[in-house]
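See structure below.
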Amino acid sequence: MASTINMASEHVVEQLNQNHAANEKHFDSGEVMRDMIIGLADGMTVPFALTAGLSTLGSSKLVILGGLAELFSGSISMGLGAYLAAVTDRDHYASEEKREREEVVSKPNAEKEEIHEILSNYGISREASQNVVDCLSENHENWIRFMMDFELKMEEPNVSRAWISAATMGISYFIGGLLPMIPYFVMHKVVDALFVSIGITIVILVGFGFIKNYVVIKTKQAGLYGAAQALLVGTIAAGTSYGIVYGIDHSNLYT
């Protein structure tokens, strides 16, 4: 029985060390994909909705200037927001880790009891978990990492994640917003440019929505649902903006 318990405890600690090594080499492509999706989705809907609304005024120059102003400011805002969010996550993790370090030193018995409680949730008896507690208490770094992983369920953020997130989201927003604006640069008639912009946006939204869901869920049905969802959101955003600007322009507000 004792040998079985020792083997179980050694396995848990070994697994923790393997997880730690894996985390150091891990590149979180999931978060990069999330930032790209958010940036592209916002870029394809917000600037397009704005330019579609401004097109009711009949001036290509106004559409281009307004669209570019929103595009640059939106890209900076998205990048800054992503950076601040990533920094906040990093600071939050550091704060919680510092608190765990203090608790391990100031009240080790209470922290050991928490380990027993955590392991009991996985069906591990107190007798079996005692060896795990003993092993962890011999190495404070493993102990603290265990508490961060299993008690707080917090993953250590990548130190460069803030800049990666900011750049990914900002660039994705800019690219997503620039594509629907291209017709206004090359076509003189605003109405014609609007219809071409609508066509480009529909194709991009459908393709983007399909790929987004297909990559994540791996089924064509999910891809089609994502395409329909992206198209619906873009249509509502553009239609709302167009209607508001059109209504204001044709009202008696400025007469």
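FYI, side chains are in, hydrogens and waters are out, and symmetry mates aren't considered; it's all heavy atoms of this structure.
Rounded to the nearest 0.5 angstrom, E100 CD and M147 CE are separated by 5.0 Å. Here CD of E117 is found 8.0 Å from CG of N121. Values are rounded to the nearest 0.5 Å. Taken to the nearest 0.5 Å, the CG atom of L194 stands 7.5 Å off from the OG1 atom of T51. Between atom CD1 of residue I38 and atom CE of residue M169 there is a gap of 4.0 Å, rounded to the nearest 0.5 Å. Taken to the nearest 0.5 Å, the CZ atom of F185 stands 10.5 Å off from the OG atom of S60. In this structure, CD in E156 is found 12.5 Å from CG in D89, a value given to the nearest 0.5 Å.
Checked by atom type and distance alone, the side chain of S172 pairs as donor or acceptor with a backbone atom of T168 at under 3.5 Å. Of the possible donor and acceptor atoms, none in the side chain of S77 sits under 3.5 Å from a partner among the backbone N and O of S73. The backbone N or O of S95 sits nowhere less than 3.5 Å from a side-chain atom of K98 that would complete a donor-acceptor pair. Between the side chain of S165 and the backbone N or O of A162 there is no donor-acceptor pair closer than 3.5 Å.
Side-chain contact between Y214 and T219: absent, with no pair of heavy atoms (C-beta onward) separated by less than 4.5 Å. Within the 4.5 Å cutoff, the side chain of M36 has no heavy atoms near those of the I171 side chain. Counting only heavy atoms from C-beta outward, the side chains of M44 and L179 never approach each other to under 4.5 Å. Taking the side chain as every heavy atom from C-beta outward, F146 and L119 approach each other to under 4.5 Å. At a threshold of 4.5 Å between non-hydrogen side-chain atoms, the residues S137 and K112 count as touching. For the pair Y173/L40, no side-chain contact is recorded, criterion being any heavy-atom separation below 4.5 Å from C-beta on.
In plain terms, the two heavy atoms of I124 and S129 that are nearest each other are CG2-N, 3.8 Å. Contact record, E111 with W143: CB-CZ2, 3.6 Å, taken as the closest heavy-atom pair. What you find for A193 and P183 is that their closest heavy atoms are O-CB, 3.5 Å. Heavy atoms only, all atoms of each residue included: L231 and T235 are closest at O-OG1, 2.7 Å. Here the closest heavy-atom approach between residue P108 and residue S106 is recorded as CD-C, 3.6 Å. The minimum heavy-atom distance between G209 and A230, with the atom names listed, is CA-CB, 4.0 Å.
Both I198 and L54 sit in one connected hydrophobic cluster of ILVMFWY residues. Membership requires side-chain heavy atoms under 4.5 Å apart, directly or through other members. Put simply, V190 and V186 are part of the same group of oily side chains (I, L, V, M, F, W, Y) that touch within less than 4.5 Å, one to the next. Connection of L84 to V87 is established within a shared hydrophobic cluster, with ILVMFWY side chains joined at heavy-atom distances below 4.5 Å, either directly or through further cluster members. Under the 4.5 Å side-chain heavy-atom criterion for grouping Ile, Leu, Val, Met, Phe, Trp and Tyr, M187 is connected to I204 within one hydrophobic cluster. Placement of M78 and L80 in two distinct hydrophobic clusters is found when ILVMFWY residues are connected by side-chain heavy-atom separations under 4.5 Å, directly or transitively.
Q229 pairs by the side-chain hydrogen bond (donor to acceptor under 3.5 Å, both in side chains) definition with nothing, not counting sequence neighbours. For F208, the ring-ring contact (aromatic ring centres under 6.0 Å, His included) test picks out no residue, with sequence neighbours left out.
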One pair to check against side chain to side chain contact (heavy atoms under 4.5 Å, CB included): H116 and Q130. What are the steps and the verdict? CA-CA 7 Å; H116 284 297; Q130 184 59 51; 3.2 Å; yes
Can you list the steps and then say if H92 with M154 is a side chain to side chain contact (heavy atoms under 4.5 Å, CB included)? CA-CA 10 Å; H92 182 214; M154 295 180 64; 3.7 Å; yes
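Classification of the F174-F72 ring pair by plane angle, with boundaries at 30° and 60°, yields tilted.
Heavy atoms of other residues, nucleotides or ligands lying less than 6.0 angstrom from OH of Y93 number more than 12. With a 6.0 Å radius and a threshold of 12 heavy atoms from other residues, nucleotides or ligands, Q221 has its CD atom at or below the threshold. Annotation: F195, atom CZ; neighbour count of heavy atoms from other residues, nucleotides and ligands within 6.0 Å does not exceed 12.
Side chains of N109 and E113: a donor-acceptor N/O pair is absent below 3.5 angstrom, by distance only.
Between E103 and R99, at least one side-chain N (NZ, or NE/NH1/NH2) sits under 4.0 Å from a carboxylate O, which counts as a salt bridge. Looking at R101 and E141, a side-chain N of the basic residue comes within less than 4.0 Å of a carboxylate O on the acidic one, giving a salt bridge.
Ring-centre distance between Y225 and F210: not below the 6.0 Å cut-off.
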